[in-house]
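Below: the structure, in structure tokens.
Order of appearance sets the numbers: ligands from 1, and atoms from 1 within every ligand.
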Amino acid sequence: MDARRLKYLEAIGITAWQRRAAWAPGGAGVPDAAAPGAAAAPVAAPAAAATPVEALGPAEPGRAASSGPGQDTAAAWKALEDAVRPCTRCALHSTRTQTVFGVGRRDADLFVIGEAPGADEDLKGEPFVGRAGQLLTAMLRAIGLQRRDVYIANILKCRPPGNRDPQPQEAEACTPYLTQQIALVAPRVILAVGRIAAQWLLQTDTPIGRLRGQTFRYGERGTPLIVTYHPAYLLRSPLAKATAWKDLCVVRDLLENGR
Ligand code: SF4
């Protein structure tokens, strides 16, 4: 593992143990079984072993906008933004400061999907800001991605009061916007962060602990979908960071090698 990746792992709070560089005959301790000078290995093995690919592609709610040849995708994005900004489809419009549409490259290889805006996001109008957002940014950097290189959006575009879980009717009203965003970006990989995003995208109530560690397929395009823990949870439960690192390594392998 190179020094830069080690630095990023430290930044997200994962300790990467390194093999001893060499065993000096006559020195204290027991020689390492690995060859001296071998590359450092993280605690969490990168690239989880081949995960089962489950054809769980959910029926996509709402009608996705086409981004096929000849379509004016810029116009489609503008129409979508213009629809979201003043949206009153559910009661959350009455308590929001502003809608939180999404941010990032509109032709990104990776689409990160979270739950809903929190207080910081509601004020700034951008998903994943604040401490959880900083951790997400660091996690992306750890697999060689800049935040600006991916697209990030939430299941809901407006903040639920008190950061409560989204209610089913709110997700029902709002997720057609997300479905259109996914269709327009047409990512190579989707990363669902947190239980709410994962369960909606996969149309299941299976606990997140049983959803992560697998590669699902989303939608008609069969886009690989990986589930991991929400950065806000990782801030509260740092021991889970090593598990999340495994998920990120699967994302990295899918992006780099298509597997
Ligand atoms: Fe509209 Fe979504 Fe906001 Fe509800 S949460 S008002 S559906 S943008």
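- At a cut-off of 2.8 Å, H93 is not counted among the residues with an N, O or S atom near atom 3 (Fe) of ligand 1.
- Taking every heavy atom of C174 and a limit of under 4.0 angstrom, the matching atoms of ligand 1 come to 2 (Fe), 5 (S), 7 (S), 8 (S).
- With respect to R106 and E81, a salt bridge is recorded, a charged nitrogen being found less than 4.0 Å from a carboxylate O.
- In this structure, the protein non-hydrogen atom closest to atom 4 (Fe) of ligand 1 is C90 SG, 2.3 Å.
- A side-chain donor-acceptor contact under 3.5 Å links N154 to the backbone of E115.
- Shown in contact with R96 at under 4.0 Å from a heavy atom are these atoms of ligand 1, numbered in order with element: 3 (Fe), 6 (S).
- From the protein, the heavy atom lying nearest to atom 3 (Fe) of ligand 1 is C158 SG, 2.3 Å.
- Between the side chain of E121 and the backbone N or O of V129, at least one donor-acceptor pair lies under 3.5 Å.
- Ligand 1 places these atoms under 4.0 Å from at least one heavy atom of C87: 1 (Fe), 6 (S), 7 (S), 8 (S).
- Closest approach of A171 to P176, counting heavy atoms only: O-CD, 4.5 Å.
- By the 4.0 Å N-to-carboxylate-O rule, R89 lies too far from E172 to be salt-bridged with it.
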